[in-house]
Amino acid sequence: MKKDLLSLLDLEKEDFEILFKRAGQLKERYAKGILDKLLTGKTLGLIFDKKSTRTRVAFETAMIQLGGHPIYISTQDTQISRNEPAKDTARVLSRYMDCLAMRTFDHSLVEEFAEASTIPVINALTDSFHPCQILSDLMTIIEHKGGYEGVKIVWVGDGNNVANSWVNAAAVLDLDLTVACPDGYGIDPDIIKAASADKNPRIRFTHDPKEAVRHADVVYTDVWASMGNEAELSGRIKVFQDFQVNKALLSLAKKDALVMHCLPAHRGEEISEEVLEDKNAVFWDQAENKRHMHKAILEKLILKN
Ligand code: CP
Ligand code: NVA
């Protein structure tokens, strides 16, 4: 595996497989009360310029359960807010800790940190990508569907950071992925090109949500306005109307289709209340699996094994 995890294009298929296997083992062992403390004495720094419940808490608990220590580094309370250059901050933090997880706006900032630091840098979400999310979501798909091969995954909604990471995962793992977004809100063509997704017939792009979800095994959605785009929400609500994941849309998917959402969800917008509250929903498994997958990622990057 490379030094950093900034996008899923940083991983080979083999890396994905190693992470799925180890995250599954760690989950099973934790459930039996076995604590794997392979990161005793190690420190993880967390710099989050955007809000987070799941990703931050899952990284912190993962690090503590592995015997290490997380340190939340508030931008406001450090010299970062007084414009100390990213490359200087990265070099200094590399002298104190063993890994850095960052959530920020512009993807180039995590690249700048990774370039200057000697410790692994993990992208905990940028405007462009959310790689750790898709790793834990694929773990959830494997648990519920027995694998990802032959599983038809459909993205319905905004062509955002989470969707971009699905395209990257599909390119590396040769997933059957259909992405349905309103015209003008699709995946950035540069992202498609960088993943060579335009050359893969199993990765399809459409503006028709109904056609897309036909025979789907997984229907995945996310907010219509991501963090940083909130001002556009009222305009988007009109454009995205037909892209709500509700019972009517899901009736076109396979009967046992999984409905997935990275959360937080906006009820009555991208997903209906009844779908979100469905007793068979896997959203909470997705959220839990972030902790197990983050452990596998931290072990792999910090121990370089
Ligand atoms: N899914 C996810 O990344 O959630 P948070 O924004 O709460 O971290
Ligand atoms: N696309 C969402 C994901 C949140 C986990 C956002 O960036 O706000």
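Values in this document were obtained by computation on a predicted structure and should not be read as measured data. For this chain, numbers begin at 1 and follow the sequence in order. In what follows, every heavy atom counts, from backbone to side chain, and hydrogens, waters and symmetry copies are set aside. Order of listing sets the numbers, starting from 1, for every ligand and every atom in it.
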Is the shortest side-chain N to carboxylate O distance from Arg236 to Glu269 below 4.0 Å? no
Between Asp256 and Lys145, is the closest basic N to carboxylate O distance under 4.0 Å? yes
Holding to side chain to side chain contact (heavy atoms under 4.5 Å, CB included), I want the full list of residues that pass it with Ala212, two or more places apart in sequence or in another chain. Val154, Thr178, Ala180, Thr206
Between Asp217 and Lys254, does at least one N-O distance fall below 4.0 Å, as a salt bridge requires? yes
Logged contact type for Leu263 with ligand 1, heavy-atom cut-off 4.0 Å, is backbone
As a test of reading the model: which N/O atoms of the protein lie under 3.5 Å from N/O atoms of ligand 2, and at what distance?
from: ligand 2; atom 1: 1 (N); to: Asn160; atom 2: ND2; distance (Å): 3.3
from: ligand 2; atom 1: 1 (N); to: Asn161; atom 2: OD1; distance (Å): 2.9
from: ligand 2; atom 1: 1 (N); to: Asp222; atom 2: OD2; distance (Å): 2.6
from: ligand 2; atom 1: 1 (N); to: Ser226; atom 2: OG; distance (Å): 2.7
from: ligand 2; atom 1: 7 (O); to: Asn161; atom 2: ND2; distance (Å): 2.8
from: ligand 2; atom 1: 8 (O); to: Met227; atom 2: N; distance (Å): 2.8

Under a 4.0 angstrom heavy-atom cut-off, which atoms of ligand 1 come close to Thr53? 5 (P), 7 (O), 8 (O)
Got a salt bridge between Glu17 and Lys21, using NZ or NE/NH1/NH2 to carboxylate O under 4.0 Å? no
Do Pro264 and Arg54 come within less than 4.5 Å of each other through their side chains, counting heavy atoms only? yes
Test your reading of the model: is there a side-chain donor-acceptor pair from Ser94 to the backbone of Ser117, 3.5 Å cut-off? no
Residues Lys295 and Asp36 bridged, charged N to O under 4.0 Å: no
When you measure from the heavy atoms of His130 to every atom of ligand 1, does any distance fall below 4.0 Å? yes
Atoms of ligand 1 less than 4.0 Å from Gln133 heavy atoms? 1 (N), 2 (C), 3 (O)
Please write down residue, atom name and distance for the protein heavy atom closest to atom 6 (O) of ligand 1. Arg103 NH1, 2.9 Å
